[in-house]
Protein chains: 2
Amino acid sequence: MIQDMRMSEGVEWALHTCLNLAWVERDRAVPTSTLAAFYELPPAYLNKQLQALVRAGILASTPGPRGGFRLARAPEEITVLDVVVAIEGPQEAFECAEILRRGPGGAPGVDYRKICVISQFMRQAELNWRRELAGRTLADLKATVEERFPAVPGEVRHGLTGTRT
Amino acid sequence: MIQDMRMSEGVEWALHTCLNLAWVERDRAVPTSTLAAFYELPPAYLNKQLQALVRAGILASTPGPRGGFRLARAPEEITVLDVVVAIEGPQEAFECAEILRRGPGGAPGVDYRKICVISQFMRQAELNWRRELAGRTLADLKATVEERFPAVPGEVRHGLTGTRT
DNA sequence: GCAGAGTTACTCGGATAGTTCTTGTCCGAGTGTGTTCGG
DNA sequence: CCGAACACACTCGGACAAGAACTATCCGAGTAACTCTGC
């Protein structure tokens with residue numbers, strides 16, 4: 001064993017933060033400091049992750065007083081994969097380096113990512129994983145939490161906006 | 001976007017090398033230098049990966065002249081997941097840091113990896129991925145390659161042992 | 001009382017260090033082989 | 001000619017650097033609200 005394959009910790013932060021924002025009124029912006037305080041996260045670093053979500057079109061940002069972040073789309077239109085890709089990047093975990101090209105019988109014009117049996121299998125497995133993540137939206141997660149933990153939405157709204165509504 | 005989630009390049013090397021060893025007689029050991037030369041890989045670094053496979057019980061090593069590596073088990077008994085875990089480690093890509101514990105209503109005695117809806121979903125998706133990898137063995141890959149590229153086994157045996165059998 | 005300009009405070013955004021992990025390399029310990037010497 | 005001891009060469013294995021990525025932080029640009037002043 002050597003080590004990793006770990007995905008960035010920011011993915012967890014981003015998912016929870018986006019889900020929390022789904023419980024706040026759509027037009028209300030929540031600043032980084034508030035979002036970070038909710039889970040005692042380092043504000044500046046969380047801000048960095050949120051910037052990535054803005055670039056991906058998942059969040060919208062507003063500067064100045066009463067500014068902050070809010071969902072750019074409806075929760076039904078934001079999948080878990082969207083958030084993961086926004087933070088981790090679009091590239092796959094198993095990236096075929098086409099080492100077969102260096103082996104005997106290797107040809108320059110061949111795409112070994114499509115020929116190589118190992119590459120094919122790994123790609124397929126990862127594609128299924130992505131498909132599963134793309135099939136679940138923030139709205140789904142939101143509904144599940146509301147069903148299992150009815151108190152959570154109120155707590156989130158209170159922690160993020162100060163209102164108890 | 002920030003970057004990674006990439007898994008180690010050694011996984012590809014390990015998978016190809018193990019598959020190649022499946023075409024060599026079980027009692028014949030192939031040294032690192034030969035295995036590395038087959039794909040023009042850095043020998044010392046490949047050796048490092050092979051050591052991990054030995055620790056995982058996938059390969060067996062023999063020192064001294066005529067020494068090297070060979071499969072420790074039959075190809076039918078080695079899954080793709082075995083190799084991936086041997087190189088990357090058993091830990092999951094999405095490791096829940098249980099940030100809910102720091103939030104409102106967080107309790108010390110609760111296992112948030114099991115409670116958190118996000119963690120549950122991510123774990124399930126990754127579990128399916130692992131299940132898929134565990135369902136494919138080296139023997140399966142070997143058979144597929146032999147069917148699609150009948151010339152490969154001979155080339156591999158020639159490159160690794162010098163015999164053309 | 002009202003409108004407008006100026007000031008203030010707050011927010012995001014990108015640029016900037018520290019730490020961990022991955023990648024890459026090297027040399028020593030151990031082993032089997034080939035050789036040499038003696039019977 | 002045969003057997004055993006010796007020296008040698010080859011292999012793995014872990015210890016040792018270099019580079020990249022993740023983690024973490026700070027300060028500047030921009031904006032909206034608030035205040036104060038003049039009408």
Side-chain angles (χ1 to χ4, degrees), chain A residues 1-14 17 21 27-37 39-56 58-70 72 84 86-89 91 93-95 97 99 160, chain B residues 1-14 17 21 27-37 39-56 58-70 72 87-89 91 93-95 97 99 160:
Chain A
M1 180 205 322
I2 294 173
Q3 272 292 349
D4 215 333
M5 182 175 69
R6 181 182 79 261
M7 82 169 52
S8 174
E9 190 180 12
V11 173
E12 187 179 0
W13 302 0
T17 300
L21 283 174
D27 58 344
R28 173 139 191 179
V30 182
T32 303
S33 57
T34 303
L35 292 170
Y39 292 126
E40 299 180 13
L41 302 176
Y45 191 32
L46 176 62
N47 188 320
K48 197 176 181 60
Q49 318 283 4
L50 298 181
Q51 287 176 32
L53 294 174
V54 170
R55 279 191 292 271
I58 296 172
L59 297 184
S61 63
T62 310
R66 304 269 306 169
F69 295 91
R70 63 185 192 280
V84 170
I87 302 295
E88 291 294 328
Q91 55 214 243
F94 181 86
E95 184 153 7
I99 67 174
L160 261 48
Chain B
M1 180 203 324
I2 292 173
Q3 273 292 349
D4 217 329
M5 182 175 68
R6 180 184 80 262
M7 82 171 49
S8 175
E9 190 180 9
V11 172
E12 187 178 2
W13 301 0
T17 299
L21 284 174
D27 59 344
R28 172 141 193 178
V30 182
T32 302
S33 57
T34 304
L35 292 169
Y39 292 126
E40 300 180 11
L41 302 176
Y45 192 32
L46 176 62
N47 188 323
K48 197 176 181 60
Q49 318 282 3
L50 298 180
Q51 287 176 31
L53 295 173
V54 170
R55 279 192 293 270
I58 295 172
L59 296 184
S61 63
T62 309
R66 306 270 304 167
F69 295 92
R70 63 184 193 281
I87 302 295
E88 291 294 329
Q91 54 215 243
F94 181 86
E95 184 154 8
I99 67 173
L160 262 47

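Naming: A, B, ... by sequence-line order, numbering from 1 per chain. Atoms considered below: every heavy atom in the structure, side chains included; atoms not considered: hydrogens, waters and symmetry mates.
The CD-C1' distance, from A:Gln49 to C:dG14, rounds to 15 Å in whole Å. Between the C1' atom of D:dA18 and the NZ atom of B:Lys48 lies a distance of 14 Å, rounded to the nearest Å. One can place CG of B:Leu41 at 11 Å from P of C:dT25, the figure rounded to the nearest angstrom. Taking atom CG on A:Leu53 and atom P on C:dG14, their separation rounds to 13 Å, with Å as the unit. Atom CZ in B:Arg70 sits about 15 Å away from atom P in D:dT11, given to the nearest Å. Atom CZ in B:Arg6 sits roughly 19 Å away from atom P in C:dT20 (whole-Å rounding). When the C1' atom of C:dT23 is taken as reference, atom CD1 of B:Ile87 falls 13 Å away, rounded to whole Å. Remark: C1' of C:dC21 and CD of B:Glu95 are 15 Å apart, rounded to the nearest angstrom.
Here the shortest heavy-atom pairing between A:Ala56 and A:Ala86 reads CB-CB, 3.5 Å. Across all their heavy atoms, B:Gly10 and B:Ile87 have their closest contact at C-CG2, 4.2 Å. Closest of all the heavy-atom pairs between A:Ala36 and A:Pro42 is CB-C, 4.5 Å.
Side-chain contact between B:Leu21 and B:Leu35: present, with at least one pair of heavy atoms (C-beta onward) separated by less than 4.5 Å. Residues A:Thr62 and A:Arg70 have side chains in contact (heavy-atom distance under 4.5 Å, counting atoms from C-beta outward).
Comparing C:dT25, D:dG13, D:dT25 against the side chain of B:Pro42 picks out C:dT25 as the nearest. You'll find that the side chain of B:Ala44 is closest to C:dC26, out of C:dG14, D:dG14, C:dC26.
With sequence neighbours excluded, no residue forms a salt bridge (Lys or Arg N to Asp or Glu O under 4.0 Å) with A:Glu95.
Note on A:Tyr45: every side-chain N or O is 4.0 Å or more away from OP1 and OP2 of D:dT25. At the phosphate of D:dT23, OP1 or OP2 sits under 4.0 Å from a side-chain N or O atom of A:Ser8.
Counted within 6.0 Å of CZ on B:Arg28, heavy atoms from surrounding residues, nucleotides or ligands total more than 12; the atom is thus considered enclosed.
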- request: Take nucleotides 6-12 of chain C nucleotide by nucleotide from the 5' end and write B, S or -, depending on whether a protein heavy atom sits under 4.0 Å from the base, only from the sugar-phosphate, or from neither.
  value: ----BBS
